[in-house]
Each structure stands twice: as structure tokens, then as C-alpha cells.
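Here's the structure we're looking at; comments come further down.
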Amino acid sequence: MLLREASISGVVYQPFANLEITADYFHIDIEDRIVFSGNFTGAQVLPLIQPFGVTGARFFTNAIDTETKGFDLVTNYQRGLGTNWGRIDVSAAYSRNKTEIVGETATPAQLAGLSEVLFDRIERRRVECGQPEDNLRLMQSWTRGFWSATTRQSRYGEFCSFTLLPIDDQVYDPTWLADAEVSYRWRDYTFAVGGENLFDAMPDINRPGTPQSNFGIFPYPSQSPFGMNGRFLYSRISYKF
């Protein structure tokens, strides 16, 4: 794998002492990127792999060239509310990037005779749209003396299924998640209660009858960026040595 070109540029703007805004742009070209090959399962392949007790074979290969472009925006703000009201901290971060495969991906002559594709449509979708192109993070925090409270919101953009046939393609919608925590500090101890994914958000369900559903065995997409376990509530006691 060869990093052919990488350019990063950014600016920082601070209009007030308690407000900072940063913006970064990046452009990365990778030559001979290491990726998974397609799954070799054809009739000419099976005699070679059956002695190993498997029905398919794949491997890492320097098969593709990619181009990634994107940007990040981050804002941080702090403000004191007076002696009796504490302080607030607010931040927001937005990121967007797009990866595309450039040029042709040819199957080597040594493999072409097996009637298989080195880098198939499944793997192309994994690279180009298998993860959200954008995400947003918001955070609000309040502290006063020994008390503190924090809330967070996250938005994951849409992403696609890893499918060989266009008829099975699926696009999963953007999703918002919310977290919150309240804590109290006493001497060297901190007591906290909170929750992650408070509103029990779940990824879209795999469309029935598609390979990604696997006859209903997998109701949710395996590549979901925020998992499929739903709401999580917790309490925590920590001690500072």
C-alpha cells in the first residue's frame, strides 16, 4: 500500500475568548490499498479448498486505488453562569468524507481462469458506502461545585448494504442517539448515573428475503455504526488514588 498523496489544511477562528471554531479539509490518495478480495466460491475453486473443509476463500490484497475527500468542523464554547449557577460547556463537531475507487480493478491472469472476480461489487460497496459519509456530535455540560451533568447527541448518516445484486441493495436511514449522565464528587469518590441511547434507537431492519437478512437470522445490519443493543443504563462509583 502506498500513500500517493495527502493534503490537509485547516483554520482556527476565535472571535471571543470563550468561543473557538476550527475547520479542516483533507484529501488522501492511496495506491494499492489493502482490502478484502471477493469471496471465491465457484466450481473451479471448490476442488482446491474442499480439503480444508471450507466452501469459500478470500484474502487480503493490494487491489484498488482510492481517493478520500472530506472536512471537519468543530465549535467549542464555555460560559460562566455566576458563583451560584456554575459553568456550561457546549461543543459541536461535524465530519463528512467520501471515499471512491479510482481506475480499473483487474483480476490477475493467475486468477482470471477461475471465473471469479478479485474485487467484486460487495467489496466495492463496503469501501464506497458501507459506512456513513457524515456524522454529527453535540455535547452540553454543566458543572457547579461537586455536581456535574452532561448530555450528548449523535447523528449517524445513511449507509448501504454489502450486496452483490442491485435488486438486494438497501440504504439505511440516518439515526439520532442521545446520552446523559449526572455525577457527584465527594472527597476522592465520584458517584454517577446515566444512560446511553436513551430513546432506544435501533438501525433499520434488513429487508426480508435479502442476503443481508440471511433468512431472518440477522435482523439488523452487521456494519451498523452504533450497534443493535438498544438502551443501556448504568451507575458508577469511581475512586481517585
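Hydrogens, waters and symmetry mates play no part in the numbers below; they use all other heavy atoms, side chains included. The first residue in the sequence is number 1, and the count goes up from there.
In this structure, CG on Asp134 lies 8.0 Å from OG on Ser95, to the nearest 0.5 angstrom. The CD atom of Glu128 lies 8.0 Å from the CD1 atom of Ile64; values are rounded to the nearest 0.5 Å. In this structure, Phe40 CZ and Leu48 CG are separated by 11.0 Å, a value rounded to the nearest 0.5 Å. Rounded to the nearest 0.5 Å, atoms CD (Gln223) and SG (Cys160) are 7.0 Å apart.
The side-chain tip of Arg126 does not point at the ring of Phe119 from less than 6.0 angstrom away and within 45° of straight on.
Counting heavy-atom neighbours within 6.0 Å of Ile217 CD1, excluding the residue itself, gives a total above 12. Around CG of Leu233, the count of heavy atoms belonging to other residues, nucleotides or ligands within 6.0 Å exceeds 12. More than 12 heavy atoms of other residues, nucleotides or ligands shown are found within 6.0 angstrom of OH on Tyr184. Atom CZ of Arg79 has 12 or fewer neighbouring heavy atoms from other residues, nucleotides or ligands inside a 6.0 Å radius. Counting non-hydrogen atoms of other residues, nucleotides and ligands closer than 6.0 Å to OH of Tyr234 gives a total above 12.
Aromatic rings of Tyr25 and Phe71 (six-membered ring for Trp) have centroids beyond the 6.0 Å cut-off, not under it. In this structure, the ring of Phe241 has its center less than 6.0 angstrom from the ring center of Tyr239.
Side-chain polar atoms of Ser183 and Ser148 form a donor-acceptor pair below 3.5 angstrom. Side-chain atoms of Glu181 and Thr150 form no donor-acceptor pair, as typed in the model, at a separation below 3.5 Å.
You'll find the side chain of Met139 reaches within 4.5 Å of the side chain of Ser141, heavy atoms only. Under the 4.5 Å side-chain criterion, counting only non-hydrogen atoms from C-beta, Phe146 is in contact with Arg185. Between Trp142 and Trp147 the shortest side-chain heavy-atom distance falls below 4.5 Å.
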Passes side-chain hydrogen bond (donor to acceptor under 3.5 Å, both in side chains), Arg33 versus Thr66? Steps please.
CA-CA 7 Å; Arg33 179 169 174 166; Thr66 61; 3.1 Å; yes
Could you walk me through whether Arg58 and Glu123 pass the salt bridge (charged side-chain N to carboxylate O under 4.0 Å, His left out) test, one step at a time?
CA-CA 11 Å; Arg58 60 193 314 189; Glu123 298 308 316; 2.4 Å; yes
Verdict with supporting geometry, Arg125 and Asp169, salt bridge (charged side-chain N to carboxylate O under 4.0 Å, His left out)
CA-CA 10 Å; Arg125 287 174 65 82; Asp169 287 354; 3.5 Å; yes
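Proximity of a side-chain donor or acceptor of Asp200 to a complementary backbone N or O of Arg231 within less than 3.5 Å is detected. No donor-acceptor pair under 3.5 Å is formed between the side chain of Gln170 and the backbone N or O of Asp204. Here the side chain of Asp179 pairs a donor or acceptor atom with the backbone of Asn197 at under 3.5 angstrom. Between the Thr210 side chain and the Arg207 main chain, a donor and an acceptor come within less than 3.5 Å of each other. Arg121 places a side-chain N or O within 3.5 Å of a backbone atom of Thr163 that can act as its donor or acceptor partner. Under the 3.5 Å distance criterion, the side-chain polar atoms of Asn206 are matched with a main-chain donor or acceptor of Phe218.
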